[in-house]
Chemist: 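The structure follows.
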Amino acid sequence: MSLDQRTTIISQISAAVACNALAALRLSITEGLNIGLTKEEIQEVISLAKEVQQQPISHVTHMTDQILRESKKKAHEHSAHCGCGGHHA
C-alpha cells in the first residue's frame, strides 16, 4: 500500500500529537503547510488526535485484545472421516 504525501503528513501530525512529540509536530505542521494543507485542516487533525488521546490506554488494549483474540477452539470441519455424522446433514 502506498500513501500519498498529504495522507502521510496528516498521519505524522496525528502521531506527533498522540505522542506529545513537539519537535516532530513542528516539523509535520511545517511540511503540511508547505504542501498546501490549510491551517483549518491542520487544526482539525490536531483536534481529532487530541480527542483520541483522551481514551485511556487500558480501553485501547482491551478492545485490541478482543478484536485480535483467536478463538480458543477451532471450528469443527465435517468430513467423511470425522465420525460425527454431521457431514450427512
Side-chain angles (χ1 to χ4, degrees):
M1 176 173 75
S2 178
L3 299 176
D4 62 21
Q5 188 178 19
R6 177 182 169 89
T7 303
T8 300
I9 292 174
I10 288 171
S11 297
Q12 289 172 339
I13 292 170
S14 181
V17 170
C19 297
N20 203 24
L22 299 181
L25 180 59
R26 178 183 296 277
L27 178 63
S28 298
I29 288 173
T30 302
E31 288 179 2
L33 292 170
N34 288 340
I35 67 156
L37 287 176
T38 66
K39 291 178 182 181
E40 292 78 19
E41 289 172 316
I42 292 170
Q43 287 290 355
E44 184 177 358
V45 170
I46 292 170
S47 293
L48 288 169
K50 286 167 52 177
E51 186 178 315
V52 169
Q53 188 183 36
Q54 300 284 326
Q55 296 298 318
I57 194 68
S58 62
H59 292 180
V60 172
T61 302
H62 179 71
M63 185 191 70
T64 304
D65 288 347
Q66 279 185 328
I67 293 170
L68 299 177
R69 183 178 303 134
E70 293 182 28
S71 62
K72 303 291 183 203
K73 184 178 177 183
K74 286 181 100 177
H76 178 76
E77 293 183 26
H78 298 291
S79 71
H81 306 291
C82 69
C84 72
H87 59 282
H88 293 291

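All residue numbers in this chain count up from 1 along the given sequence.
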Chemist: Test of understanding: with salt bridge (charged side-chain N to carboxylate O under 4.0 Å, His left out), list the residues that count as partners of Glu41, not counting sequence neighbours.
Modeler: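 Only Arg6 meet the salt bridge (charged side-chain N to carboxylate O under 4.0 Å, His left out) criterion with Glu41.
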
Chemist: Show the atom names and distances, to 0.1 Å, of all donor-acceptor pairs under 3.5 Å that link a side chain in residues 14-35 to residues at least two apart or in another chain.
Modeler:
{"unit_1": "Ser28", "atom_1": "OG", "unit_2": "Ala24", "atom_2": "O", "d": "2.9"}
{"unit_1": "Thr30", "atom_1": "OG1", "unit_2": "Arg26", "atom_2": "O", "d": "2.9"}
{"unit_1": "Asn34", "atom_1": "ND2", "unit_2": "Thr30", "atom_2": "O", "d": "3.3"}

Chemist: Please list, chain by chain and in numerical order, all residues satisfying side-chain contact (heavy atoms from CB on, under 4.5 Å) with Gln43, sequence neighbours excluded.
Modeler: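 Partners of Gln43 by the side-chain contact (heavy atoms from CB on, under 4.5 Å) criterion come out as none, since no residue qualifies.
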
Chemist: Would you please test Leu37 and Val45 for side-chain contact (heavy atoms from CB on, under 4.5 Å) and show each step?
Modeler: CA-CA 11 Å; Leu37 287 176; Val45 170; over 6 Å; no

Chemist: Who passes side-chain contact (heavy atoms from CB on, under 4.5 Å) against Ser11, sequence neighbours left out?
Modeler: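 Checked Ser11 against side-chain contact (heavy atoms from CB on, under 4.5 Å); matches are Thr7.
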
Chemist: Could you name each residue pair satisfying salt bridge (charged side-chain N to carboxylate O under 4.0 Å, His left out) that touches residues 44-64, not counting sequence neighbours?
Modeler: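 As it turns out, there is no salt bridge (charged side-chain N to carboxylate O under 4.0 Å, His left out) pair with a partner in residues 44-64 once direct neighbours are skipped.
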
Chemist: Check whether any side-chain heavy atom of Asp65 lies under 4.5 Å from a side-chain heavy atom of Thr61, and answer yes or no.
Modeler: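 The answer is yes; the side chains approach within 4.5 Å.
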
Chemist: Can you hop from Leu3 to Ile9 via hydrophobic side chains spaced under 4.5 Å?
Modeler: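 Looking at the clustering, Ile9 is in a separate group from Leu3.
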
Chemist: When rounded to the nearest 0.5 angstrom, what is the spacing between CD1 in Ile13 and CD1 in Ile46?
Modeler: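 Rounded to the nearest 0.5 Å, the CD1-CD1 separation comes to 6.0 Å.
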
